[in-house]
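Comments concern the structure below.
Values below: all heavy atoms of this structure, side chains included; hydrogens, waters and symmetry mates excluded. We're numbering straight along the sequence, starting at 1.
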Amino acid sequence: MSKKVTQPEDYRYVVFMDEAAGFSFLTRSTAKSEDTIKWEDGAEYPLIKVQISSASHPFFTGEEKIIDTEGRVDRFKARAKRAEALRASLANKAKKAEKEAAKKAEKAEKSDASAE
C-alpha cells in the first residue's frame, strides 16, 4: 500500500497585495486567481488581494486600535434603562387594569344590591 500524497504540487509564484496599506509581495503559493499583475521584474503573475497583511496589521505596525468600551457600556446601560422603564409601564398598566376591574365588580355588586 502506498502513501497518499497530501502536499500540493502546483506551487507557482503569486503576488499578494494588501490594498489598504499599498503593500505587495511575491511568494510561491497554490492560491487560485483570475487577476494578474505585472511585477517589478517585468513578468506577469497571478494576483491575490488580501484585506490585511504585516504592513497593516496592528500587531506588526505597533498601532493599537482603541476599543470603545465606554460607549459599549453606555449603550448597554441605556438599553437596560429602557427595558426597566418598559417593565414599569407594563406593571402600571396591569395595576390600572386591576383597579378598573375591581371598580366594575364593585359597581356590579352595588347595582345587584339595589336591584334586590
### Task
Check ring pair (Phe, Tyr, Trp, His ring centres under 6.0 Å) between Tyr11 and all other residues, then give those that pass, not counting sequence neighbours.
none

### Task
Decide if atom CD of Glu44 counts as having more than 12 heavy atoms of other residues, nucleotides or ligands within a radius under 6.0 Å.
yes

### Query
Any link between Val15 and Val50 through a network of hydrophobic side chains (Ile, Leu, Val, Met, Phe, Trp, Tyr) touching at under 4.5 Å?
no

### Query
Listed by chain and number, what are the salt bridge (charged side-chain N to carboxylate O under 4.0 Å, His left out) partners of Lys32, not counting sequence neighbours?
Asp10

Which pairs would a plain distance check flag for residues 101-109, meaning a side-chain donor or acceptor within less than 3.5 Å of a matching protein atom at least two apart in sequence or in another chain?
none

### Query
In chain order, what residues pass the side-chain hydrogen bond (donor to acceptor under 3.5 Å, both in side chains) check against Glu98, with sequence neighbours excluded?
none

### Query
For Val14 and Pro46, which heavy atoms make the closest approach, and how far apart are they?
CG1-O, 3.5 Å

### Task
Find the distance between NZ (Lys99) and NZ (Lys95) and round it off to the nearest 0.5 Å.
8.0 Å

#### Entry: Connected via hydrophobic side-chain network under 4.5 Å: Leu26 and Met17
yes

### Message
According to side-chain contact (heavy atoms from CB on, under 4.5 Å), who are the partners of Asp41, at least two apart in sequence or on a separate chain?
### Response
Trp39, Ala43, Tyr45

### Task
Only pairs at least two apart or in different chains count here, so list each ring-ring contact (aromatic ring centres under 6.0 Å, His included) that has a residue in residues 18-38.
Phe16-Phe25, Phe23-Phe25

